[in-house]
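In what follows, chains are A, B, ... by sequence order, proteins preceding strands, each numbered from 1. Bear in mind the structure is a predicted one, so any value in this text is a computation, not a measurement.
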Amino acid sequence: MSDLLSTLRRRVELADGAWFLPGAIAESAPDLLAAINFVASVSPFRTLTTRRGGRLSAAMTSCGTHGWHSDRSGYRYLEDDPLTHRAWPDMPTLLRDLAGRVAGEAGYPGFVPQIGLINRYAPGARMGLHQDRDEPDLSAPVVSFSLGLTARFLFGGLERDAPTTSVVLEHGDAVVWGGASRLAFHGVSTVRPGHHPLTGAFRYNLTFRII
DNA sequence: CAGTTACA
DNA sequence: CCAA
């Protein structure tokens, strides 16, 4: 897609500093799936536990300098994958470049992601409202890509009780939130059964962060 | 509280 | 399904 057309693409502001970019990464979807498969071949998808013994329904893996992890010690970023006891896979150049481009389209120029967290949702999986607050550097936005099955994305405010707005995230969509929305609560409703020609019975979400 | 569960 |  040309730079001209990408500058003309539709943008919807969900909240102050939070942008929904429909179709922003659609053209790169096959290459993104290949990148996901590479990451998972080094650091496989795994199901994480919460501090109190619950289990996250979305399977996760990471790439880049650190990976996001949760267990009985809580949430944190780790330099090494506790599953493989080795470094997380390098972030594929395509992911870094695409996340930077999409951040720029949302008004956050110069974004060079350090970490890519990949969430895999089978039908029935969900993600409760939460904040991305494990990053010491909150000046950078969070960039999110959606691939495969559709899901309803909930975007709230700075307190858990604040009302949420929702958008349906489809294959190829992106969301970027930063600035006044950087610590906004967000989540994903239960993914419904379905089939996607590229991803089969899965939804993939990639979130790019700087810590 | 990125969770599950009990009950109106 | 929502409140806790």
Could you walk me through whether A:Phe208 and A:Phe145 satisfy the ring pair (Phe, Tyr, Trp, His ring centres under 6.0 Å) test, starting with their C-alpha distance in whole Å, then the side-chain angles of each, then the deciding distance to 0.1 Å, before giving a yes or no?
CA-CA 9 Å; A:Phe208 300 94; A:Phe145 295 170; 5.1 Å; yes

Categorize [X] for me: base, sugar-phosphate, or nothing, with a 4.0 angstrom heavy-atom threshold over every strand shown.
| X | result |
| --- | --- |
| A:Arg72 | nothing |
| A:Leu129 | sugar-phosphate |
| A:Arg160 | base |
| A:Asn205 | nothing |

d([atom1], [X]; [atom2], [N]) in whole Å:
| X | N | atom1 | atom2 | answer |
| --- | --- | --- | --- | --- |
| A:Arg51 | B:dC1 | CZ | P | 7 Å |
| A:Arg126 | C:dC2 | CZ | C1' | 12 Å |
| A:Leu48 | B:dT4 | CG | C1' | 17 Å |
| A:Arg52 | C:dA4 | CZ | P | 15 Å |
| A:Arg133 | B:dC1 | CZ | C1' | 12 Å |
| A:Asp161 | B:dC1 | CG | P | 15 Å |
| A:Arg55 | B:dC1 | CZ | P | 16 Å |

Is the backbone of [Y] close enough, under 3.5 Å, to the side chain of [X] for a donor and an acceptor to pair up by distance?
| X | Y | answer |
| --- | --- | --- |
| A:Asp173 | A:Glu170 | yes |
| A:Arg160 | A:Leu129 | yes |
| A:Tyr108 | A:Val142 | no |

Are side-chain heavy atoms of A:Phe185 and A:Thr164 found at a separation under 4.5 Å?
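No - every pair of side-chain heavy atoms lies 4.5 Å or more apart.
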
Taking atom C1' in both B:dC1 and B:dT5, what distance in whole Å separates the two?
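These two C1' atoms come out 13 Å apart once rounded.
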
B:dC1, syn or anti by chi within 90 degrees of zero
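Syn, since the glycosidic angle lies within 90° of 0.
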
Pairing partner (Watson-Crick or G-U wobble, both distances under 3.5 angstrom) of B:dC1
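Looking at the geometry, B:dC1 pairs with no nucleotide.
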
Tell me which nucleotide, if any, is Watson-Crick or G-U wobble paired with C:dC2 when both distances must be under 3.5 Å.
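Result: none.
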
